[in-house]
Each structure stands twice: as structure tokens, then as C-alpha cells.
Amino acid sequence: MKLDECRHIVIEGPIGVGKTSLAKRMAEHMRAELLLEKPSDNPFLERFYGDMPRHALSTQLFFLFQRADQLKGLVQTDMFAKPIVSDFMLEKDPLFARLTLTDAEYDLYHTIFRHLQPKSPPPGLVVYLQAPPAILLERVKRRGNMFERSISMEYLQRLSESYMRFFHQYEAAPVMIINSENLNLADSQADFDLLLQQIEKMRGHREYFNRRA
């Protein structure tokens, strides 16, 4: 796979795995447009982490409208005129909803989701980052975002398992699956170069990279 031929690259993974940092570095490397989630804009998010059942639907719908608007804007302005690197994909949005919503709430959410999905081509490459839940929790606490202070190990475990199930079934684009536990893709040039080499070596639709400590 030739990285410079990818017009849209998505960096994905659970909370704390480092997808935003890698998306920024990849966009700089490719001289690409950068499209990032904006969790700090969600007025329900801090309340959600404090009381998930009560605030899950409002939190999820805000993110859904926000992400759909970001992608719709790109489609309308010819998103592939310049390479795009993003740290989210709308297709994974329902996995968060399925974790936190009641059945009735999920039915409502999914009806809205189907109507909002922009008609855009799939990405040229998805880089799916993984790490053990204990590592995710450590990274979340280290970055010190106030609205994330109530995130539990149990929630990160369930979220990680949902991501694994999602990408096990995902077939819309090539996926490079990276265990980031022993990689510093944001700050280490050697680790970042190693990732670029792994992408260039891709031959199949789904490939794995796991560097031991």
C-alpha cells in the first residue's frame, strides 16, 4: 500500500489509545487536512461520565450530530481535493450507543443515525490502535482531562471489546491493527517510521502489527 495514494486515512481506537496524537502527526507527515473529534464541545460529556444511564442519550446524540456535520461539510466541499486524516469514523458511533443506551433509546438513536449518515466513500486506510485497558486508564489519567476523571476500568474493558468486535467485522476499507502498548507513535520518530513501513508493506485487507517490549 502506498501511503501517498490514500486520500482519507482514519486513526481509530478506544479512549486513551493515542489516536488524536497519531492523527496530528500523520497529517503533518502527509501535509494533509486534519479532522478531529471535539469532545470538549459536548456539554453533556462530563455529566455522562458521572451518571451514564441518565445522560447517555443526550451525550450520544450530540456526538452523532457533531460528527455527521463534520463529514457532511467535507463531502460538500470535495473532501478528497486534499488528503484527509481524521481521528474518528462515523460507522463506529453505534458501538458507544450500544454500550450505554437502553433498548428503546438505542432504537431511537439508530433511526436518527441511519438518516444522518453522509454518502461518502470509505477511507483508503484505517489504522486501528489497541492497548490493554490498564494502559488506557493510565493514559487517560495522565492527560488529566476533568471530564474523563470518572472513567472506570470496567467501562474501558467493555469499550475495547466492542472495538475488537467492530473491526473483526469491518470490511469497508483496509485496516492496519496496531498494538500500541510498547509504541510511542506521538513522540518517537523511530516508532512512527516503523508504522509507516508496516503500512507500506500491507498486502492484505487486514493486517496486524504488535511490537514486543
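When every heavy atom of E37 is checked against every heavy atom of D87, the shortest pair comes out as N-OD1, 2.7 Å. Smallest separation of non-hydrogen atoms from H29 and L3: CD2-CD2, 4.1 Å. Contact between P123 and V10 at its shortest, heavy atoms only, is CB-CG2, 3.8 Å. Across every non-hydrogen atom of L108 and L57, the tightest pair is CD2-CD2, 4.3 Å.
No donor-acceptor pair under 3.5 Å is formed between the side chain of Q130 and the backbone N or O of M164. The main-chain N or O of L183 is never found under 3.5 Å from a side-chain atom of S180 such that the two would form a donor-acceptor pair. A donor-acceptor pair under 3.5 Å is formed between the side chain of R203 and the backbone N or O of K201. Formation of a donor-acceptor pair under 3.5 Å by the E105 side chain with backbone atoms of T102 is found in this model.
Ring pair Y128/F167 is parallel by interplanar angle, where below 30° counts as parallel and above 60° as perpendicular.
H55 and Y49 have their aromatic ring centers separated by at least 6.0 angstrom.
The pair K19-E12 does not meet the salt-bridge criterion, since no charged nitrogen lies less than 4.0 angstrom from a carboxylate oxygen.
The ring-ring contact (aromatic ring centres under 6.0 Å, His included) check on H205 picks up nothing, with sequence neighbours excluded.
A cation-pi contact, defined as under 6.0 Å to the ring centre and within 45° of the axis, is absent between R67 and F65.
Summarising the geometry, atom CG belonging to L196 is positioned 9.5 Å from atom CE belonging to M30; distances are rounded to the nearest 0.5 Å. Considering CD1 of I112 and CG of D107, their distance stands at 11.5 Å, rounded to 0.5 Å.
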